[in-house]
Novice: 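This is the structure I want to talk about, given as structure tokens.
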Amino acid sequence: MQSITDRQAATASTTSVLRVMNERAVFAETFRRGAVSRPELAQYTGLSKPTVAGALANLERAGLLRQVGLRAGSAGRSAVLYEVRPEAGWVYAVDVGRSYVRVALADLVGRIVARQDSPSRSLRAKDLVAQLTGLADELASAAGIRRDDIILSVFGTPGIHDKATGALHLAPNLPGWNRRGSVERLAGIAGHTYVVENDIDLAAVGEATYGLGRGVRHFVYVSVGTGTGMGIIIDGKLYRGFRGAAGEIGYLPVGEDDPLADQPAARRRGLFESVASADGVVAMARRLGLSSVETAKDVFDAARAGNETARRAVAREVDHLSHALAGITAVLDPELVVLGGGVGGQPGDLLTTPIAERLRDLVALRPPRIEVSRLGTDAVLLGALAVGLNDARDLVLQAAAG
């Protein structure tokens, strides 16, 4: 039989949980609506006006909301307006690439207050950590805050974060990060909490939040550039797979029947990546006789200028991508395929239009739409911000709840 003390404790606990739930609902609705009044919040949340008033008072006292003016009512009475206080939390977003790192600092409402792109020092882990720490200091200073004021950092990296060992797998462009505990180096860079996500997964989240994927429940983001990868959105949510390796399409058995497939690089990077990546495009053009090209851009520029050998190399790239996307379509049935990366982001005349035509021959049912990302090189960074802002709002609410 429960004692009076136990019943009182249970009641207090239930009351505390309800208070937190109510405050979360009021905070979320205020964020969604912008400047909003207490009567409007009662209407939108379904909570009583006294309950909303209590939640607003607690959130304002915790520094999460602020009063921003008055709105005249129909009967001449004015209602106080509330909005989320932007300075209540700061998010540091990082896109770690082989050639560049892109960083941004945003306030709690998602306004980017500072950002910077810099050549990457990724050849040595300690140099990369020092670089990201220095950039965090620079962005925090530009925003008029300290690095310790950042409450959450989100790092988008190649490969798969093994949370059990603290290592990054399948990230050959980041030497040394495959060692046990290597990811823990990121802990001291900025803020009290950090998140590590696959960069292409974050790009898919960026597309879902800010790009072509907004409102699309089933789509994939396919990046072809230095490497290849895919982010998968199923029923509006990011799909990672059992080990977090969903979307590692570089290992698809799509390639050329030539010695390239037997080279160690092809086995390490994956057969599809060995032919579909920027290096693969250049290698193909050179094997066909176009020895003057140095980059994938050179190949595409030459093809656009009418060079027949370059056009043949691009046609092989279209064939590789089409076969890979045909397999992806058969398994996932996406509504949309968003292409990104230095190769995948080429204009439609060279890739998307020919791929769409080829897919109509390879796929029995109606193939998905094929479009080039409009976010460009910012896709990963914007995805990191989207993830960070969502988590940061939960963190500030938890801190306010005590």
Side-chain angles (χ1 to χ4, degrees), residues 97 199-200 203-204 206-207 211-213 216 219-233 247-250 252 254-256 260 269-288 290 293-330 332 334-363 366-380:
D199 53 357
I200 308 305
E207 287 291 341
L212 294 169
V216 181
F219 78 92
V220 295
Y221 175 90
V222 176
S223 177
V224 183
T226 303
T228 60
M230 179 174 68
I232 306 167
I233 302 294
E248 291 292 336
I249 59 172
L252 286 173
V254 176
E256 294 285 330
L260 178 66
R269 298 179 60 179
L271 184 57
F272 178 54
E273 183 169 305
S274 72
V275 295
S277 64
D279 291 344
V281 172
V282 172
M284 174 60 70
R286 289 175 175 174
R287 287 202 304 279
L288 292 175
L290 194 64
V293 294
E294 298 291 334
T295 67
K297 183 179 183 299
D298 293 341
V299 178
F300 285 106
D301 286 348
R304 193 171 284 108
N307 183 286
E308 188 57 36
T309 304
R311 285 183 175 274
R312 287 169 55 205
V314 171
R316 300 286 276 273
E317 179 73 355
V318 167
D319 192 57
H320 297 142
L321 288 170
S322 299
H323 278 87
L325 290 177
I328 291 164
T329 299
L332 296 178
E335 174 185 345
L336 169 69
V337 173
V338 180
L339 293 179
V343 174
Q346 289 292 319
D349 62 323
L350 291 178
L351 283 184
T352 55
T353 300
I355 288 172
E357 293 173 354
R358 189 79 174 93
L359 277 181
R360 282 194 284 270
D361 297 329
L362 294 171
V363 178
R366 183 178 179 181
R369 289 185 288 124
I370 313 290
E371 297 193 39
V372 174
S373 171
R374 297 170 188 166
L375 302 183
T377 57
D378 284 343
V380 177

Novice: For the backbone of E273 and the side chain of S277, can you confirm whether one donor and one acceptor N or O come within less than 3.5 Å of each other?
Specialist: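 Such a contact is found between S277 side chain and E273 backbone.
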
Novice: Kindly give the heavy-atom pair with the smallest separation between L336 and P368, and that separation in Å.
Specialist: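 The pair with the smallest heavy-atom distance is N-CB, 4.1 Å.
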
Novice: Do any N or O atoms from the side chain of E371 and from the backbone of V338 form a donor-acceptor pair under 3.5 angstrom?
Specialist: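 Answer holds: no.
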
Novice: Hey, does V372 have a side-chain heavy atom less than 4.5 Å from the side chain of Q346?
Specialist: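 They are not in contact (no side-chain heavy atoms under 4.5 Å apart), so the answer is no.
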
Novice: Kindly give the heavy-atom pair with the smallest separation between F219 and P334, and that separation in Å.
Specialist: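 The answer is CA-CB, 4.1 Å.
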
Novice: I would like to know whether M230 and I328 meet side chain to side chain contact (heavy atoms under 4.5 Å, CB included); could you show each step before the answer?
Specialist: CA-CA 10 Å; M230 179 174 68; I328 291 164; 3.6 Å; yes

Novice: Would R366 and E335 count as a salt bridge (charged side-chain N to carboxylate O under 4.0 Å, His left out) here? Give the steps.
Specialist: CA-CA 10 Å; R366 183 178 179 181; E335 174 185 345; over 6 Å; no

Novice: Are I355 and L339 packed together at the side-chain level, in the sense that at least one heavy-atom pair is separated by less than 4.5 angstrom?
Specialist: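 Yes, close enough: below the 4.5 Å cut-off.
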
Novice: Contact between F300 and V343 at the side-chain level, heavy atoms closer than 4.5 Å - yes or no?
Specialist: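 Yes, at least one pair of side-chain atoms sits under 4.5 Å.
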
Novice: Could you tell me the separation between the CG atom of L288 and the CD atom of E308, rounded to the nearest 0.5 Å?
Specialist: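 It comes to 10.5 Å.
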
Novice: Decide, yes or no, whether a salt bridge links R312 with E317 under the criterion of side-chain N to carboxylate O below 4.0 Å.
Specialist: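 Salt bridge absent between R312 and E317.
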
Novice: Is V220 close to I233 at the side-chain level, that is, under 4.5 Å between some pair of heavy atoms?
Specialist: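 SC-SC contact between I233 and V220 ruled out.
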
Novice: Run the side chain to side chain contact (heavy atoms under 4.5 Å, CB included) check on L362 and H323 step by step: do they pass?
Specialist: CA-CA 8 Å; L362 294 171; H323 278 87; 4.1 Å; yes

Novice: Can you give me the closest heavy-atom contact between A276 and T228, atom names plus distance?
Specialist: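 What the structure gives for the nearest pair is CB-CG2, 4.1 Å.
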
Novice: Does any N or O in the side chain of D298 come within less than 3.5 Å of the main-chain N or O of T295, such that one atom is a donor and the other an acceptor?
Specialist: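 Flag set: sc D298 to bb T295 pair under 3.5 Å.
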
Novice: Any idea which heavy atoms bring F272 and L321 closest together, and the distance?
Specialist: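 Minimum heavy-atom separation between F272 and L321: CZ-CD2, 3.7 Å.
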
Novice: The test is side chain to side chain contact (heavy atoms under 4.5 Å, CB included); show your working for L359 and D361 and say whether it passes.
Specialist: CA-CA 5 Å; L359 277 181; D361 297 329; over 6 Å; no

Novice: Inspect the contact between D319 and R316 and indicate whether a charged nitrogen and a carboxylate oxygen are less than 4.0 angstrom apart.
Specialist: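 No, this pair does not count.
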
Novice: Quick check against the 3.5 Å criterion: does R374 have a side-chain atom that pairs as donor or acceptor with the backbone of L212?
Specialist: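 No, the answer is negative, given that no donor and acceptor are paired below the 3.5 Å cut-off.
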
Novice: Given side chain to side chain contact (heavy atoms under 4.5 Å, CB included), test V254 with L271 step by step and report yes or no.
Specialist: CA-CA 6 Å; V254 176; L271 184 57; over 6 Å; no

Novice: Does any non-hydrogen side-chain atom of R304 lie less than 4.5 Å from one of L350?
Specialist: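 In short, these two side chains touch, coming nearer than 4.5 Å.
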
Novice: Will you find, in the side chains of E207 and S373, an N or O donor that is under 3.5 Å from an N or O acceptor?
Specialist: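 Checked: E207/S373 side chains pair up, N/O donor to acceptor below 3.5 Å.
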
